[in-house]
J.: 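Attaching a single structure in structure tokens format; questions to follow.
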Amino acid sequence: MKKNILLFGLAFVGGFTYERYFPYVKAFISDKGQKNDDHSFKSMLEQGNYIQPKVIDIMHSSPDKHFLHNFIAQHNEALNVFKIYYPDKLEQKIYSDNLESEDKIHLHFVFNAADHLQGHSSIVHGGLLATLIDNAFGQLSYLASGQIPTATANLNINYRKPVKTNHDYMITAEIDKIEGRKVFLKATIYDQDKTICTEATGLFLTVQWGGQMWKNALDKIKEVTQIDDKIVKIDQKKKE
Ligand SMILES: CCCCCCCCCCCC(=O)SCCNC(=O)CCNC(=O)[C@H](O)C(C)(C)COP(=O)(O)OP(=O)(O)OC[C@H]1O[C@@H](n2cnc3c(N)ncnc32)[C@H](O)[C@@H]1OP(=O)(O)O
């Protein structure tokens with residue numbers, strides 16, 4: 001009887017772990033789920049010597065798993081979130097604990113929303129833009145704080161020009177400053193002519209909650225891949 005209960009418990013825990021983390025691992029080791037990155041900003045980003053750290057890229061752009069695809073854009077073709085780009089000279093900085101430097105830590109990502117995500121006709125819903133920016137901030141602050149999860153405490157958005165459906169746009173997010181647990185960020189959405197369409201600022205705070213999920217997913221990925229070994233953890237106490 002005890003043995004059966006133990007076996008049942010093990011099967012339950014195993015099933016739960018598999019169900020929860022396997023999609024990340026699968027997405028990480030396979031490129032099948034990735035959309036192509038043939039977008040309007042590609043040559044500009046290539047010239048700027050930008051790179052795509054795989055760990056964040058998979059989490060971000062995998063249609064298999066990421067909530068942007070699964071929750072918001074329930075139609076498979078509704079949102080194309082292209083890969084995230086970082087300047088390679090700043091990659092070391094992202095993974096280092098030297099956060100007070102003058103150089104801004106930043107990322108770019110490109111998106112293209114289909115008509116499924118319009119509010120007014122052919123105009124991308126402002127709530128979606130807020131979500132995309134919030135998510136860019138979440139990822140950047142997560143990296144900049146040494147992979148400590150963060151939560152949005154404040155998000156301000158100025159919608160300057162309409163963002164059209166079926167067009168490529170680029171979001172640039174950067175760390176403004178970090179003070180203890182507080183990460184202050186800025187973001188801009190540009191069209192292909194580099195016109196500013198949307199501007200945002202945000203305050204993210206490092207938190208304890210939610211972190212285990214990301215940590216476990218990363219640990220699972222590390223088990224099966226040669227994950228970026230430059231990742232350096234920062235002492236949590238230093239941030240609080
Ligand atoms: C690969 C994986 C990628 C991972 C990538 C993942 C990307 C996903 C990103 C998703 C982001 C989200 O949607 S997160 C979900 C939406 N956000 C939330 O649900 C957060 C709800 N709010 C809260 O739970 C709380 O308010 C917190 C955690 C934000 C803060 O609470 P706390 O921890 O108790 O901190 P608290 O003492 O209140 O505040 C600490 C300091 O911050 C200041 N502070 C707090 N809130 C504010 C505020 N809104 N505006 C100004 N200042 C503030 C306080 O004055 C204080 O300053 P001082 O006195 O110290 O100077």
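Just so it is clear, the values below take in all heavy atoms, side chains as well, and ignore hydrogens, waters and symmetry mates. Just follow the structure's listing: the first ligand is 1, and inside any ligand the first atom is 1. Quick caveat: nothing in here was measured; it's all calculated off a predicted structure.
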J.: Out of curiosity, is Arg181 lining ligand 1, as in a heavy atom under 4.0 Å away?
T.: yes

J.: Give a yes-or-no answer on whether the side chains of Asn156 and Asn158 include a donor-acceptor pair shorter than 3.5 Å.
T.: no

J.: Do any N/O atoms on Asn135 end up under 3.5 angstrom from N/O atoms on ligand 1?
T.: no

J.: Verify the distance criterion only: is there a donor paired with an acceptor across the side chains of Asn166 and Asp115 at less than 3.5 Å?
T.: yes

J.: Could you tell me how the ring of Phe111 sits relative to the ring of Tyr169: parallel (under 30°), tilted (30 to 60°) or perpendicular (over 60°)?
T.: parallel

J.: Can any side-chain N or O of Thr195 pair as donor or acceptor with the backbone N or O of Asp191 at less than 3.5 Å?
T.: no

J.: Would Asn154 count as a polar contact of ligand 1, with the cut-off being nitrogen or oxygen pairs under 3.5 Å?
T.: no

J.: Between Thr152 and ligand 1, which part of the residue brings a heavy atom under 4.0 Å of the ligand: side chain, backbone, both or neither?
T.: both

J.: Closer than 4.0 Å to some heavy atom of Val207 - which atoms of ligand 1 meet that?
T.: 28 (C)

J.: Suppose we screen for side chain to side chain contact (heavy atoms under 4.5 Å, CB included). Which residues come up paired with Leu205, at least two apart in sequence or across chains?
T.: Ala153, Arg181, Lys182

J.: Below 3.5 angstrom, do we get any N/O pair linking Thr150 and ligand 1?
T.: no

J.: According to side chain to side chain donor-acceptor pair (under 3.5 Å), who are the partners of Thr188, at least two apart in sequence or on a separate chain?
T.: none

J.: Would you mind finding which of Leu203, Asp134, Leu205, Leu155 brings a heavy atom closest to atom 45 (C) of ligand 1?
T.: Leu205

